[in-house]
Each structure stands twice: as C-alpha cells, then as structure tokens.
Amino acid sequence: MRVLVTGGTGFIGSHTVVSLMEAGHEVVVLDNLSNSHRSVTRRIGEIVGTAPEFHQADIRDTERLADLASDGFDACMHFAALKAVGESVEDPLGYYENNVGGTISLLQVLLDAGVQNFVFSSSCTVYGEPLSLPLTEDMPIGTATNPYGWSKIMMEQVLRDVRVANPDWTVTLLRYFNPVGAHPSGLIGEDPMGVPSNLMPYVAKVAFGELPKVQVFGNDYDTHDGTGVRDYIHVVDLAEGHVAALDRHFDDPGTHIYNLGTGQGSSVLEIINAYELASGQPVPYEVVGRRAGDVGANWADASKAQQHLEWATKRDLAEMCADSWRWQQKAR
Ligand code: NAD
Ligand code: UD1
C-alpha cells in the first residue's frame, strides 16, 4: 500500500515508518519538522535500506497537501500533533489550531482526493480518571485535564462523525498507553527538546548524568508501592500495532478502536530500578508531591487488539530500558 504518514519524522511516526517499510509498504512522510529533524529519514534509510520519500510541509498547508494527495494514497496515518501537556495549558489556541484545526484541514484534503482509510494517534488520556482497571475500549470517554488531552477527545469525535457521513471510510483510532524505548539500532528514538516531562526520558538523562535526580511525583497513590502506575509499551511494538491495524482494516469500512498497551502496569519506582539494571548506572530520586492532573494508575486491557489484529507486544520492560539507554548514549 502507498501510505501518507504525517509526523513521520517524530518519535512514534519514525518507528512506524520503519515497520511499514519493512512490511513492504510504500511510505510518503510529511512533517513540518517543528519537533523533529530532517536527518531522521536518512537514519530510517540506514535501518531499512532506502530512505522514505519526504516532504517538509505543514498539515494545514492545504494546497501543498492537495498536490501530494493527487498522486493517490491508499491510507493516511496521522501522527502530526503538538504533544507537550504543560505547553498546551499555556497555549490552548495554538494546540487546538494545530491539532484539531490541522486534522480537519487534512481530512478535507483526503476526502476531496478520495483517500478513505485513516489511522489516528489517540491516547489513553481520553479515558480520564479510570472508572475501573484495566481500561477497555467500550468504557466511556472521560474528562481531560489539559487542552492536549481535550484535543485528542475532540479529534476522536470529529473522526467518528466524518466516518458516519462517509460510510465507505475506514477510521482506526489507536489509543496508545505510554510509548517508551527506541529502535534497537540506536539510530532513532525520542528526542525531547529541553528538560523532558515524561518519566523515561527524564530517567535516561539522570542515568546519563545530565540531570541530578528524578523527582517522583507522589508515593501516596493507591498502588502497590504508592507511586504512579502506567502501562509502558515499547515503541517498536507500538509501531508494529499500526501495521497490523492497517492490514486488518484496510478494506473494512467502520470506526475501529484499539488500546495499544501491554496490559501490565509498572510503578515509577519499578521503572527507576529497571533502568538502573539496564544502564548499570545509579538513578537517584526524591519523592515530591503529586503532579497536578495525574491519575494514580492506568493500564490497558489489550485483549481486543490481540484478538482482532493478531498482534501482541513482544518486548518487556528490560528491553524498553536497554533500548532507551542505547539511544541515550548514541544520540549525543
Ligand atoms: P513527536 O513530537 O515526536 O512527533 C510529532 C511530529 O509531528 C513531529 O515530528 C512534528 O514535527 C510533527 N508536526 C507537529 N505539528 C505538525 C504540523 N502542523 N504539520 C506537520 N507536522 C507536524 O510526537 P510522538 O510522540 O511521535 O507522537 C505522535 C502522535 O502520537 C501525536 O499525535 C501524539 O499526540 C500521539 N501520542 C503520543 C504519545 C506519547 O507518549 N509520545 C502518547 C499518546 C499519543
Ligand atoms: C503524560 C500526559 C499524557 C500524555 C503522555 C504522553 C500528563 C498529566 N499526562 O502521561 O496526557 O499522553 O504523557 O506524552 O502530563 N513521573 C514522575 N516524575 C517525572 C515524570 C513522571 O514521577 O519526572 C510519574 C508520573 O507521575 C506518572 C508516571 O511517572 O505516574 C508517568 O508519567 P509520564 O511519563 O509523564 O506519562 P503520563 O503522566 O502517563
């Protein structure tokens, strides 16, 4: 299949481009490089043998997109978005404009061009405060605690409505849990600008000696050791989930929703311990107060994806930490 990948030089997009190309698909990457680097396509080329076709463009540039889409795509995987939670609180209009407005203008171009298969990067953040665990796809959408989270909830709704109005469309909403790790080659990974706000990239910098210690946000949650529990998923497993979803639902009109997680939660202290083991470096930490907007625990029921997509995660926490550490050392 010929697939348009927006945000394809970013963290999850780049790993998915590798998996798509390895599975034999033809990929066209579009990215405005606001949070990634041009060199990623060369690095993808080193991994798979050929670099993907690349266009530096914004999803809101309708003319440019229409021109690209006129060549024909079988599907679009849409990763392009701004994703810094704190920044979204400070700049809600910028976030809604880029994420929601950008998605709407992309969808219009695809509709006009007759592209009918759309795979969307959603997030477990749409569940809000869990009613019970594990989280299943049929649970109600919750309340977001920030504009980034709301933008995912809004876009899911926009996509459901677009699909109702266009019965031939196939929309797949993939709700990611916590993607971490990097490609085992050490050539691509997550490259957060400035001080990371997510746990694993932060821990990586502490192990590397770039930051002094991890601040553990609360040890009074109702979890086995009191620290926050999340479902961490290796980014290569996540990427493979996209290829499985595209294959399974290529010609299958409807709205399909999947959790992409491992089905297992790990606490902040377990991540710190696993990272120390993988890196052989100490990871000092101090416990501080809870971070506003955090839920205590959150993990997926991953059985729907396992059954329908014939996909399952293969990489454990030790591998996630080892690959993150390799990337941390090589990336500098
Ligand atoms: P990322 O920032 O590494 O990648 C996003 C890419 O989109 C970047 O390369 C950026 O330059 C590009 N981009 C942003 N706005 C654009 C625009 N208007 N036009 C063209 N390109 C644009 O982020 P990521 O972690 O790879 O996330 C990919 C997707 O997955 C996002 O939609 C994100 O919200 C979603 N997601 C991420 C996580 C996570 O923990 N990383 C979790 C759940 C969902
Ligand atoms: C966060 C976002 C979520 C987004 C996801 C991926 C919030 C409230 N949620 O999820 O919307 O989809 O990132 O970008 O920001 N922790 C520490 N110390 C740290 C960092 C994190 O103790 O320095 C803890 C957190 O309290 C949490 C766990 O580690 O228990 C994971 O945090 P993080 O990696 O930021 O992911 P989420 O909070 O799950």
Side-chain angles (χ1 to χ4, degrees), residues 5-16 29-38 40 55-61 64-65 77-86 88-89 94-95 97-99 101-103 105-106 120-126 128 144-152 155 174-180 188-193 195-203 205-206 211 213-219 221 223 227-233 235 238-239 242 260 265-269 271-272 285-299:
V5 180
T6 74
T9 43
F11 173 45
I12 303 168
S14 59
H15 289 82
T16 306
V29 171
L30 179 143
D31 201 298
N32 67 2
L33 301 183
S34 59
N35 196 36
S36 57
H37 301 283
R38 177 75 182 85
V40 169
H55 299 269
Q56 183 175 353
D58 196 291
I59 49 169
R60 294 163 293 182
D61 184 346
R64 184 91 187 271
L65 267 177
M77 283 196 184
H78 178 40
F79 297 93
L82 299 174
K83 61 157 186 178
V85 170
S88 79
V89 176
Y95 268 66
E97 218 275 309
N98 192 79
N99 293 2
T103 302
S105 93
L106 170 67
F120 179 65
S121 298
S122 190
S123 167
C124 62
T125 201
V126 302
T145 54
N146 54 73
Y148 166 77
W150 280 116
S151 80
K152 291 290 169 199
M155 287 183 286
L174 299 179
R175 294 179 177 160
Y176 312 157
F177 280 68
N178 288 52
V180 295
I188 54 173
E190 185 169 15
D191 201 0
M193 313 264 181
V195 177
S197 53
N198 292 120
L199 180 64
M200 192 165 303
Y202 200 102
V203 169
K205 285 189 186 289
V206 173
L211 293 168
K213 59 185 165 195
V214 179
Q215 293 195 315
V216 175
F217 298 144
N219 64 354
Y221 285 109
T223 61
T227 66
V229 165
R230 296 291 184 276
D231 185 340
Y232 297 90
I233 173 171
V235 64
L238 185 65
H242 287 71
L260 294 184
S266 305
S267 72
V268 176
L269 295 182
I271 295 293
I272 291 174
Y285 67 87
E286 65 173 336
V287 177
V288 298
R290 293 180 177 193
R291 179 172 65 179
D294 268 354
V295 298
N298 160 348
W299 66 88

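Both counts, for ligands and for their atoms, begin at 1 and track the order of listing.
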Give a yes/no verdict on a cation-pi contact between R230 and F177, requiring under 6.0 Å between NZ or CZ and the six-membered ring centre and an angle within 45° of the axis.
no

N or O contact, [X] vs ligand 2, cut-off under 3.5 Å:
{"X": "V216", "result": "no"}
{"X": "T145", "result": "no"}
{"X": "N146", "result": "no"}

Residues H37 and T9: side-chain donor-acceptor under 3.5 angstrom:
no

I need the atoms of ligand 1 closer than 4.0 Å to a non-hydrogen atom of S122, numbered in the order shown.
43 (C), 44 (C)

Proximal ligand 1 atoms for D58, defined as those under 4.0 Å from one of its heavy atoms:
17 (C), 18 (N), 19 (N), 20 (C)

Who's the nearest protein heavy-atom neighbour of [atom], and how far?
{"atom": "atom 40 (O) of ligand 1", "result": "P179 CD, 3.2 Å"}
{"atom": "atom 37 (C) of ligand 1", "result": "I12 CD1, 3.6 Å"}
{"atom": "atom 11 (O) of ligand 1", "result": "D31 OD1, 2.6 Å"}
{"atom": "atom 21 (N) of ligand 1", "result": "N32 N, 3.1 Å"}

Out of [options], indicate the one that has the non-hydrogen atom closest to [atom].
{"atom": "atom 13 (O) of ligand 2", "options": "V195, V288, N198", "value": "N198"}
{"atom": "atom 17 (C) of ligand 2", "options": "Y202, F217, Y148, Y232", "value": "F217"}
{"atom": "atom 39 (O) of ligand 2", "options": "R290, K152, R230, R291", "value": "R230"}

Quick check: does any side chain N or O of K152 sit under 3.5 Å from a backbone N or O of S121, one acting as donor and the other as acceptor?
yes

Do the ring centers of F120 and H242 come within less than 6.0 Å of each other?
no

Do NZ/NE/NH1/NH2 and the carboxylate oxygens of E190 and K205 come within less than 4.0 Å?
no

V268: numbered ligand 2 atoms lying under 4.0 Å from its heavy atoms
22 (O), 24 (C), 29 (O), 30 (O)

